[in-house]
Structures are given as structure tokens and as C-alpha cells.
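Take a look at the structure set out below.
Heavy-atom basis, side chains included; hydrogens, waters and symmetry copies ignored. Every chain is numbered from 1 and lettered A, B, ... according to where its sequence line falls, protein lines coming before strand lines.
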Amino acid sequence: MKVILRNPRREVDVAGNRRVKEILRELAIVPETVLVICGDALVTADHIVRDDETIELRPVMSGGAGSRP
Amino acid sequence: MKCRKCGAPAALELRRHNAAFCEPDFLEFFRNQVREAIRKHRMFTKDEQVLVAVSGGKDSLALWDVLIDEGYRTTGLYLDLGIFDYSVESKARCEKFAAARSVPLIISAVAEEVGAPVPVIQSVTRRPPCSGCGLSKRYLMNRVALEHEIPVVATGHNLDDEAATLFGSVMHWQMDALPRQSPALPSTHPKLVRRVKPLYRLSELETAAFAFMRKIDYIVEECPFAAGATSIAHKEILSRMEAASPGAKHNFLFGFLDRARPAFEQAEGVALNECARCGQVTTGTICAFCKLSDQVKRRVS
Ligand code: SF4
Ligand SMILES: [Zn+2]
Ligand SMILES: [Zn+2]
């Protein structure tokens with residue numbers, strides 16, 4: 001299965017047919033620092049991603065020191 | 001995972017609340033948190049104009065979206081920082097958002113007001129970009145609000161932003177910053193408008209999820225200067241603490257607001273004057289913004 005990462009945008013291939021939380025662990029991504037987007041919906045960490053699916057892991061962190069609006 | 005409210009498949013798990021929600025129930029949860037923030041801190045009423053500072057990012061556009069839906073009278077303010085493609089694209093997102101909802105958007109350009117865009121200010125002052133940028137933003141938000149007779153500025157700061165700021169202030173024991181950290185700062189001078197943060201109860205994950213579910217076209221790319229900012233390093237530390245112990249960030253921030261903050265309030269406030277140059281509020285004779293813009297204009301011309 002394909003995983004889309006952002007900032008910068010890139011794609012990696014990982015083994016599918018397993019839970020989102022296992023994919024996050026393999027990629028060393030702290031849960032809750034990304035939205036997990038599967039198709040046009042968000043999915044939770046226990047969701048099983050099939051091998052023919054693509055998920056996007058979109059970081060939620062933003063901002064600099066200057067009191068960002 | 002199932003939605004706590006209705007039992008449908010959940011779209012988002014909120015570990016700090018020990019809950020998961022489907023899309024409609026999450027949207028309602030989110031709006032309730034904003035309502036609670038506005039009510040608890042008497043941020044603004046439906047009779048007054050609210051100036052919403054928007055950056056094109058998820059937080060500020062999510063905030064504007066909620067306030068519009070809740071029936072508040074809002075005007076957007078986009079500050080064009082002149083930071084390469086990032087500013088071009090983030091401005092386009094704000095314009096598109098405002099046009100789709102038929103709400104007014106004011107655009108003010110730092111390059112015009114200060115004399116140069118943020119990257120040039122950085123090289124002229126030889127200080128971190130966020131320093132001149134932050135100073136200009138705070139100044140311009142207040143001045144634009146006054147010029148348009150809008151009594152309150154709302155910003156999209158979320159729980160993570162506030163926790164990271166608090167963490168930074170505590171790490172350096174910035175005694176002047178601690179009492180000023182609040183979801184709502186009242187006006188302490190006729191030329192200072194109220195400043196409020198209606199998203200302070202919501203995490204970054206929650207504002208991102210809300211923006212996604214509401215199909216808000218926000219800019220995912222970060223300001224190129226954000227990567228080196230210490231606030232990002234602080235956020236990363238806090239996220240790891242949160243992963244190990246859900247609710248850590250919430251307890252850190254809310255414990256401070258509810259229990260510790262009063263202890264840091266100074267007995268006597270500082271004297272506020274009007275800047276001899278521009279008339280905005282300062283603790284000195286000439287305000288920091290006018291000094292910055294003098295320095296920039298001298299070097300750029
Ligand atoms: S990261 Fe720094 S320079 Fe970029 S917008 Fe935020 S405060 Fe300004
Ligand atoms: Zn539900
Ligand atoms: Zn001034």
C-alpha cells in the first residue's frame with residue numbers, strides 16, 4: 001500500500017492489510033500528530049488498511065514563534 | 001472504534017477525552033468547545049463586529065468558519081507577510097474562503113506598512129524572522145481593528161499553541177509573559193482592542209480534523225521559517241509527553257489558567273503611553289513597530 005506524506009509531499013510503500021497504528025509505528029510517527037486520511041474520510045488508529053489502498057498522513061503541527069494568527 | 005455518541009464508526013479518536021466520534025458528532029463537539037470558550041471568557045457578543053485574523057492555515061479558517069455559522073458578525077484580516085510562495089498561496093486560500101461565504105476580508109501588506117517583507121526585515125535586523133514578523137502582526141492587527149472601529153480581534157491559537165507558549169515562558173521564567181497568557185485579554189487602554197482565542201480548548205489535531213471535515217481548503221505547507229522556530233521544538237516535546245500520557249498538554253495549560261496564573265499577576269500594571277510617531281500604545285516613547293520600520297526603511301532605501 002501507498003502512504004502519502006507531506007511537507008515536503010512524498011510517497012512511500014509499506015506492507016498493507018494491517019492497522020493504522022502499526023503503520024505509524026513503522027514510520028516512527030507519533031499518533032495524534034497526523035490526520036489519517038483514507039479516501040475522503042478520516043480513520044482511527046485501529047482501522048485496517050487494505051494492500052490496494054492509499055492513505056495520507058497529514059501533519060497537524062503548525063506555527064512559528066511570532067504569535068501566528 | 002465506535003462513536004461515543006451514536007455508535008457509528010468513529011472518524012477521530014480523542015484520547016485525552018477518552019472518546020471517539022463520528023464526523024457529525026465531532027463537528028458538534030468542536031462547536032460546543034468554541035461556544036464554551038466564548039461564554040466562559042465573555043469574548044464577544046452577536047451585537048459586535050469581530051476581526052478574525054486569518055493566515056490561510058487550518059486553525060484560523062476553522063475559527064472563521066465556526067464563527068460565521070454561529071451567526072457572529074465577522075470581518076477577516078489577512079496580513080500579507082511577503083514570505084515567498086507561502087504568502088501568495090495562503091492569501092489565495094483566504095480570498096477564496098471569504099468569497100465563497102460572502103464575508104468581508106481586509107488585506108494589509110507588511111511590505112507596505114513596515115517598508116519591506118518579512119525576509120528582508122530579517123536580514124536588515126539580523127534577528128530571527130519570527131521576531132519582526134510577530135511584532136508586525138500584533139501591531140497591525142490592533143491598528144486595523146481600531147481603524148475599522150472593531151472592538152475585538154480573534155486569533156486561531158489552539159491548545160497546542162498555548163501549551164507550547166506556556167512551556168517556553170516557564171522554561172525561561174518569563175515573568176512578564178506569564179500573566180499575559182490568557183484566552184482573553186481585556187482592553188487596558190482606549191487604543192488597545194480586546195484579544196481573544198476561541199480555539200484554546202481544542203488541540204491541533206482537532207482543528208485539523210474540523211477543517212478537513214468541513215472541506216476547508218487550507219494551506220498544509222508551513223511557513224518556511226517555522227521549521228527552525230523553538231515553538232515547534234517545544235510542540236514536539238509536548239506531543240511525546242501527550243502520547244505517553246493523554247491529557248498532559250490539557251492539564252498543563254488548564255492547570256496554569258485555573259490555578260497558577262493569578263499568582264503571576266503583577267500588583268501594579270505598567271504605564272501605557274501613546275507612541276509619539278504613530279499614536280499606538282507603547283510602554284516607551286516610540287513604539288517597537290515604528291523603531292523597526294525606521295530601521296528597515298533606512299536600510300532598504
Ligand atoms: S513561522 Fe515565523 S516568520 Fe513564519 S509566519 Fe509564523 S511568525 Fe511569521
Ligand atoms: Zn456519532
Ligand atoms: Zn509607533
| message | Looking at every heavy atom in both B:Tyr78 and B:Leu105, which two are closest together, and how far apart are they? | response | N-CD1, 3.9 Å
| query | Looking only at heavy atoms, which two atoms of A:Asp51 and A:Ala15 are closest? And how far apart? | reply | OD1-C, 4.2 Å
| remark: So OG of B:Ser203 and CG of B:Leu238: to nearest 0.5 Å the spacing works out to 12.5 Å
| query | For the side chain of B:Glu242 and the backbone of B:Lys249, is there at least one donor-acceptor N/O pair under 3.5 Å apart? | reply | yes
Side chain, backbone, both or neither of [X] within contact of chain B (heavy atoms, under 4.5 Å):
X       : answer
A:Val43 : backbone
A:Thr44 : both
A:Val34 : backbone

| request: Kindly check if the number of other-residue, nucleotide or ligand heavy atoms within 6.0 Å of CG (A:Asp52) is above 12? | output: yes
| Residue part contacting chain A, namely of B:Ala209, when any heavy atom lies under 4.5 Å | both
| Interchain contact, B:Tyr218 with chain A, by part (heavy-atom threshold 4.5 Å) | side chain
